[in-house]
Novice: 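Attaching a single structure in structure tokens format; questions to follow.
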Amino acid sequence: MDLAGGDDSSESTLMLQPKRPAMSWGVRIKRKLKSVAPFLGRFRPLVGQCCHQCTPDSLGLKLLRKSPPLGFQNLTSVNETHTRYRGWLVRRMCCLVFVWGRDVHPSPAGDRRHNVHISERVKQALLTTGSPKEIRTTELVMSDVTGHFGRLLDLTETFISPTLLRLVSWLMLKVFSLMFCSVQVNLNQLSALHRATRLEAPLVYVCVRQSAVDQALICLALFCHNLRVPYILYPAHIRPTWLRSILQRLGVILLPEDTSSEQDAEMDSLYSPVMTSLIGELLRERASLSMGVCAGGGQGGQWLARVRQAIVNGLVPDVSIVPVGVSYDCLPQHFLRPKAGLMSAVRFVVSLLKGVHRGSVRIHFAQAFSLKEMCESGKCRVDGGRPLQELLLPVILQSRMDFIFGQKDVSWVLPSSVMPELSPLERQQTIALTLHLMYSSTTSMAVMSTSLMSCLLLHKHRKVHKDTPVCDFMKKQGVLSWKASDNPDLSSDSDCEEPDTRSYKLSQPSQCPELLFFLSSLLSVQLRALCWTLESLHYLPLPTTETACVSQLHAHLKNRAQLDKVHYESSSIDLVRMALRTFIDLGVLTEDRQGGDVYLDISPLFAQCENKEKLKQFFSQFLYN
């Protein structure tokens, strides 16, 4: 009876319960919807996600799987758990045991010098130069080739020595532990690189140049996780023979001995064909490459063009590009502009022993994508563009607003004087690829603690004004105007005119001005450097070389900051280079190449004080005081 009673009560309870309302079709659809990864990395739930708008097939590889983005490892913190051995002696020599237990992929030079020498590209370049002596060298054996062409061919003998690589990697672990508090890498992203190596396509790592240790950190991270150490494209002028010999045995491709800068090397009619053939041979050997691109000077785009030429010539079917973001708490000062010499080495050792300016480093590897698909899709391209002087000069000098909108010309990324054998279409595609990789590498960088602290300090102590808004330029020019009242009867100031029936109401969030002022304060450093540089131009003995112009302007800006006793951050040499590049694009300064040097001179338009004052006012109106 009790059981029967229990059944009746349960049935009555079920009958008394109200029925749940049926879900609407809209709710059902929302539950079935799946989140779609965004385009162009504008919102990155996982650092390192590829841009599948340009390379949709790369997304299907799922190299970066849906796993937690955490799991960082400090490269410089090595203990016995990272080795196969245990014991008292291993605990004291764990770093050495760890390095000697890593897998190293040897990469001997082999017949690379011969293959570069007999390539059609190099033969054609020798015939074009018209030097009978160098033309005759094409028929000689490798040991008989001397002179400038022989020094270029010496660069092809760069290889990776496993023993030397282990020794230098052990040394770098010790040095970086003194330079930085930690060197963090994402283990999930390194696992994705292991899966990318199974695609049988050579990997090319691309980062934005910040210091001389960028690519060394990348190579160390790959070495510590049993990944192939890439050849480093580091076009630096290093004179000591013993140092060049060591770096060449570590896979570092340097500038020729008789060349002082990368720009001078690219002007050589033989350098570009030899380097293009060398890159093709390295990729044909399935070797990995590491290169850096520079947004300020447009350096690095020619190396991406040479990688594309290897695919076009059929040396490799495809290449996987890996954008890399290297983030510093504070940049290593002694590696920003490295100088080879005994005194610079002593200063570097002293700074390491002092332990000053130590910060953290974080390395992020984005998802590898297909270069062939990127080029064939046609989605990554540069659609025209006009010089900056055509876009802004009418606004600055004539107070016009009809040419303020437009795309800026970015041909400086790969100038026409570099690799003149490229067709206009190939040059535009390479420029687009370079800009895309600059964006991808930059968005892969982590936000470090110093950046967060700087933003918080700027926000807290703002002045409130690798009454009137200060930026209301359009209202000052009379382009936009609106009334405070919403009464349509007051839409006209004159009783004789017919009232306009159309009503426009402009509104903005209450927090927008504060955010605008905050962003203006972030740009004030660059804007102030532009104003100071413009004021200092008349102190220079123009025309002068670009190198001398940079050094003299840097001295003027430092003196200005010392006189004002504020704004020392606006006097850095990097901002001087940025200001010069802006003034060249704007037409304030003109370039004239004479021999191997580039001379800068002020243009006749801005030699007039009136136009120079208008330009200064244009910069100053956006300056956050």
Side-chain angles (χ1 to χ4, degrees), residues 48 63-65 67-108 159-200 203 205 213-232 245-252 286-288 290 322 324 326 332 348-349 352-353 355 358-365 368:
L63 299 179
L64 285 176
R65 297 175 180 174
S67 56
L70 300 179
F72 290 92
Q73 177 190 359
N74 183 10
L75 291 179
T76 58
S77 178
V78 179
N79 52 41
E80 63 173 341
T81 60
H82 296 95
T83 66
R84 298 181 299 170
Y85 309 99
R86 299 292 183 271
W88 176 85
L89 184 61
V90 176
R91 284 196 296 271
R92 280 147 184 82
M93 301 180 61
C94 57
C95 188
L96 189 62
V97 176
F98 169 75
V99 167
W100 244 254
R102 298 295 89 190
D103 295 336
V104 177
H105 305 272
S107 181
F159 65 97
I160 296 178
S161 173
T163 304
L164 186 59
L165 180 62
R166 296 181 194 275
L167 180 61
V168 173
S169 298
W170 171 79
L171 184 62
M172 284 196 300
L173 285 174
K174 297 297 184 182
V175 172
F176 286 154
S177 64
L178 296 175
M179 290 178 58
F180 307 108
C181 296
S182 64
V183 180
Q184 301 285 337
V185 293
N186 193 316
L187 297 179
N188 293 328
Q189 295 171 354
L190 290 169
S191 300
L193 284 181
H194 279 283
R195 293 191 292 270
T197 56
R198 304 170 191 169
L199 301 177
E200 298 182 355
L203 297 179
Y205 303 91
V213 298
D214 296 337
Q215 293 169 294
L217 288 168
I218 295 173
C219 292
L220 182 63
L222 299 175
F223 171 82
C224 291
H225 290 85
N226 293 327
L227 287 162
R228 180 184 290 274
V229 176
Y231 282 83
I232 301 176
S245 179
I246 292 176
L247 292 177
Q248 281 190 312
R249 283 168 173 77
L250 293 173
V252 182
R286 304 295 181 186
S288 300
S290 175
V322 183
V324 186
V326 183
F348 171 65
V349 173
L352 287 182
L353 295 178
R358 294 184 65 196
S360 299
V361 184
R362 182 169 290 183
I363 306 173
H364 281 288
F365 295 92

Novice: Only counting residues at least two apart or in another chain, list the ones meeting side-chain contact (heavy atoms from CB on, under 4.5 Å) with Arg92.
Specialist: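 Partners of Arg92 under the side-chain contact (heavy atoms from CB on, under 4.5 Å) test: Trp88.
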Novice: Nearest 0.5 angstrom please: Arg249 CZ to Phe159 CZ, how far?
Specialist: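 It comes to 4.5 Å.
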Novice: Can you tell me how far SG of Cys94 sits from CG of Asn79, rounded to the nearest 0.5 angstrom?
Specialist: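 Between Asn79 CG and Cys94 SG, I get 6.0 Å after rounding to 0.5 Å.
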Novice: Could you pull out all donor-acceptor pairs under 3.5 Å where a side-chain atom in residues 163-171 meets a protein atom, sequence neighbours excluded?
Specialist:
| unit_1 | atom_1 | unit_2 | atom_2 | d |
| --- | --- | --- | --- | --- |
| Arg166 | NH1 | Val99 | O | 3.3 |
| Arg166 | NH1 | Trp100 | O | 3.2 |
| Arg166 | NH1 | Arg102 | O | 2.7 |
| Arg166 | NH2 | Arg102 | O | 3.3 |
| Ser169 | OG | Leu165 | O | 2.7 |

Novice: Just jot down the side-chain contact (heavy atoms from CB on, under 4.5 Å) partners of Ser177, sequence neighbours excluded, or say none.
Specialist: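 Here the qualifying residues are Thr76.
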Novice: Rounded to the nearest 0.5 Å, what separation is found between the CG atom of Asn186 and the CD1 atom of Ile363?
Specialist: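 If we round to the nearest 0.5 Å, Asn186:CG and Ile363:CD1 are 11.0 Å apart.
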Novice: Any side-chain heavy atom of Leu217 within less than 4.5 Å of one from Met172?
Specialist: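 Contact flag for Leu217/Met172 side chains = no.
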Novice: Is it the case that Arg195 and Ser191 place a side-chain donor and acceptor less than 3.5 Å from each other?
Specialist: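 No, no side-chain donor-acceptor contact under 3.5 Å.
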Novice: Backbone N or O of Ser182 within a donor-acceptor pair of the Asn74 side chain at under 3.5 Å?
Specialist: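 No: the side chain of Asn74 does not pair with the backbone of Ser182.
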Novice: Would you find a donor on one side and an acceptor on the other, under 3.5 Å apart, between the side chain of His194 and the backbone of His225?
Specialist: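 Yes, because the side chain of His194 sits within donor-acceptor range (under 3.5 Å) of the backbone of His225.
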Novice: Just by modelled atom types, is the Phe365 backbone N or O under 3.5 Å from a matching donor or acceptor in the Gln189 side chain?
Specialist: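 Checked: pair present.
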Novice: Working to the nearest 0.5 Å, report the span between CD of Gln184 and OG of Ser360.
Specialist: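 Spacing of CD (Gln184) from OG (Ser360) equals 7.0 Å.
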Novice: Could you tell me which non-hydrogen atom of Asn226 sits nearest to which non-hydrogen atom of Asp103, and how far apart they are?
Specialist: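 In terms of heavy atoms, the two residues are closest at OD1-N, 2.9 Å.
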Novice: For the residue pair Leu203 and Pro230, establish whether any side-chain heavy-atom pair is separated by less than 4.5 Å.
Specialist: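 SC-SC contact between Leu203 and Pro230 ruled out.
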Novice: Of all the heavy-atom pairs spanning Gly251 and Ile160, show the shortest one and how long it is.
Specialist: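 Heavy-atom minimum between the residues: CA-CG1, 3.9 Å.
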Novice: Can you name the residues that form a side-chain contact (heavy atoms from CB on, under 4.5 Å) with Gln215, not counting sequence neighbours?
Specialist: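 Checked Gln215 against side-chain contact (heavy atoms from CB on, under 4.5 Å); matches are Cys207, Ile232, Tyr234, Ser290.
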Novice: Please report the shortest heavy-atom distance between His82 and Gln73, naming the atom on each side.
Specialist: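 Closest approach of His82 to Gln73, heavy atoms only: NE2-NE2, 3.5 Å.
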Novice: At what distance, to the nearest 0.5 angstrom, does CZ of Phe98 lie from CG of Leu173?
Specialist: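 Between atom CZ of Phe98 and atom CG of Leu173 there are 7.0 Å.
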Novice: About how many Å separate NE2 of His364 and CZ of Phe72, when rounded to the nearest 0.5 Å?
Specialist: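 Answer rounded to 0.5 Å: 4.5 Å.
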Novice: Stepwise, does the side chain to side chain contact (heavy atoms under 4.5 Å, CB included) test hold for Leu75 with Phe176?
Specialist: CA-CA 9 Å; Leu75 291 179; Phe176 286 154; over 6 Å; no
Novice: If you take all heavy atoms of Cys95 and Val78, which pair is closest and at what distance?
Specialist: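 Looking at all heavy atoms of both residues, the closest pair is CA-CG1, 4.1 Å.
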Novice: Under the rule for side-chain contact (heavy atoms from CB on, under 4.5 Å), what residues qualify as partners of His105, not counting sequence neighbours?
Specialist: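 Expected list: Arg228.
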Novice: Is there a side-chain contact between Val361 and Val213 (heavy atoms, below 4.5 Å)?
Specialist: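 Heavy-atom side-chain distance check fails, nothing below 4.5 Å.
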Novice: Only counting residues at least two apart or in another chain, list the ones meeting side-chain hydrogen bond (donor to acceptor under 3.5 Å, both in side chains) with Thr83.
Specialist: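 Thr83 satisfies side-chain hydrogen bond (donor to acceptor under 3.5 Å, both in side chains) with no other residue.
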